[in-house]
Amino acid sequence: MRIAVTIFLTDETITPTRLARELEERGFAGLYLPEHTHIPVERTTPYPAGGELPREYGRTLDPFVALGQAAAVTERLGLGTGITLVAQHDPIDLAKKVATLDHLSGGRFTLGLGFGWNVEEAADHGVEWRTRRELVRDRMGLMRALWAEEPTPYEGEFGGVRASEAHPKPVQGPRGQVVGPRTLLGGAAGPKLFAHICEYTDGWLPIGGRGLAESLPRLRTAWTEAGRDPRALQVVPYAVHPTPGKLAHYADLGIEEVVAQLPPAGEAEVLKALDGLARYLPGT
């Protein structure tokens, strides 16, 4: 099983270049980074995990800039977002960022995307909360048009783009209706989420990885009913704290990659955490 990691990189943690080099040298599969543009101080939205919102949320580095640094000092390490808040981006600009990072890294980028949880953060970006899922779907359609091989127009409910020359293109070719880099959608299990996954992504990024024995069969059924190749579905448990039993359970479910959570800390603490994860790496 491939073991990747995620971490809140901030202005107070290990640097992207130092971490990326260590991950590649040690044999980790990838580095996934979260995104928050800002955290409004006056916030009524509760932290999903409960309690006080951790300090690192308001200090998060821009994931595309940080992953660009990581790409420049590695050759094999996978690079991903976990997650990109698509509703908070101009889709034309985001399509360019994604394609550029994928191109410069030689096709190593995974676009992990989601709908978000922080109402106040999204509102500052002009996002209407009740329609954010439809907005993300629409913006993914627009980006797919810009990633298409030939100039392709797009007109959606929330915006459009003229048929345009837009280069570079993502490295990976189209997979049926899915265009662009490897794309995974995060969120809680349910029919609405599964419909989005089946329509425009390569699979699911379940946060924490709980309850997969019950939810994964439902996703596989929806996937097959949508006409997708059953062998193509990718499920990557995210922000996991691995144990031998947990990884064995995932393997029994046919899962091939897990993203382990690292502490948002300085170099010494992060490298110690990598030492602890090393026993789960293939070949060890």
Side-chain angles (χ1 to χ4, degrees), residues 30 32-33 35 62-65 67-68 71 78-116 125-127 131-187 192-205 219 222-236:
Y32 291 73
L33 298 181
E35 175 182 49
D62 179 280
F64 289 95
V65 175
L67 289 170
L79 309 161
T81 52
I83 56 173
T84 295
L85 296 165
V86 173
Q88 297 180 187
H89 286 267
D90 176 289
I92 299 174
D93 180 61
L94 181 58
K96 175 69 76 172
K97 287 182 179 180
V98 167
T100 299
L101 180 54
D102 196 51
H103 168 74
L104 292 177
S105 67
R108 290 186 278 150
F109 182 61
T110 294
L111 176 60
L113 60 99
F115 305 123
H125 287 277
V127 176
T131 59
R132 71 192 187 285
R133 291 178 176 84
E134 292 73 22
L135 176 61
V136 168
R137 177 181 179 271
D138 196 55
R139 288 185 171 172
M140 289 301 298
L142 189 154
M143 291 195 291
R144 290 199 304 273
L146 291 171
W147 293 332
E149 287 302 318
E150 298 297 327
T152 303
Y154 179 83
E155 188 58 45
E157 180 182 357
F158 298 93
V161 67
R162 298 172 176 85
S164 303
E165 293 291 345
H167 295 267
K169 301 297 183 184
V171 173
Q172 189 172 354
R175 288 84 68 202
Q177 66 267 49
V178 182
V179 179
R182 181 190 189 215
T183 302
L184 303 172
L185 178 59
K192 290 183 178 179
L193 181 82
F194 290 169
H196 282 266
I197 290 172
C198 295
E199 180 181 354
Y200 57 82
T201 81
D202 295 296
W204 187 21
L205 202 65
L219 173 56
W223 185 267
T224 302
E225 291 178 348
R228 304 292 299 272
D229 181 353
R231 298 166 297 178
L233 175 62
Q234 300 180 48
V235 177
V236 182

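All values reported here derive from a predicted model rather than from experimental measurement. Computation of the quantities below employed the complete heavy-atom set of this structure, encompassing side-chain atoms and omitting hydrogens, waters and symmetry-equivalent molecules.
K96 contributes a side-chain N or O that, together with a main-chain N or O of H167, makes up a donor-acceptor pair within less than 3.5 Å. Put simply, the side chain of K169 never gets that close to the backbone of A99: no donor and acceptor are under 3.5 Å apart. Checking side-chain atoms of R144 against main-chain N and O of V179 turns up no donor-acceptor pair under 3.5 Å.
Within the 4.5 Å cutoff, no side-chain heavy atoms of R139 are placed close to those of F158. Using a 4.5 Å heavy-atom threshold, the side chains of L33 and F64 count as separate. H125 places none of its side-chain heavy atoms less than 4.5 Å from the side chain of L85. Counting only heavy atoms from C-beta outward, the side chains of V171 and F109 never approach each other to under 4.5 Å. Counting heavy atoms from C-beta on, the side chains of W223 and I197 come closer than 4.5 Å. Considering only heavy atoms from C-beta on, Y154 stays 4.5 Å or farther from L146 through its side chain. Annotation: side chain of T183 is in contact with side chain of M140 (closest heavy-atom distance under 4.5 Å).
Here the shortest heavy-atom pairing between W147 and G180 reads CE3-CA, 3.6 Å. The shortest non-hydrogen separation linking L135 to A87 is CD2-CB, 3.8 Å. Nearest heavy atoms, T81 versus P63: CG2-CB, 4.1 Å. When every heavy atom of M143 is checked against every heavy atom of P91, the shortest pair comes out as CG-O, 3.4 Å. When every heavy atom of L67 is checked against every heavy atom of G80, the shortest pair comes out as CD1-O, 3.3 Å. Heavy atoms only, all atoms of each residue included: R133 and H196 are closest at O-CE1, 3.5 Å.
Between W204 and F194, the two ring planes are perpendicular [angle over 60°; tilted spans 30° to 60°].
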For this session: Please report the C-alpha distance between I83 and F115 in whole Å, then the side-chain angles of each, then the deciding distance to 0.1 Å, and finally whether the side chain to side chain contact (heavy atoms under 4.5 Å, CB included) criterion is met.
Result: CA-CA 9 Å; I83 56 173; F115 305 123; over 6 Å; no
For this session: Please report the C-alpha distance between R137 and Y200 in whole Å, then the side-chain angles of each, then the deciding distance to 0.1 Å, and finally whether the side chain to side chain contact (heavy atoms under 4.5 Å, CB included) criterion is met.
Result: CA-CA 8 Å; R137 177 181 179 271; Y200 57 82; 3.9 Å; yes
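Looking at R231, R182, R175 one by one, the single match for salt bridge (charged side-chain N to carboxylate O under 4.0 Å, His left out) with D202 turns out to be R175.
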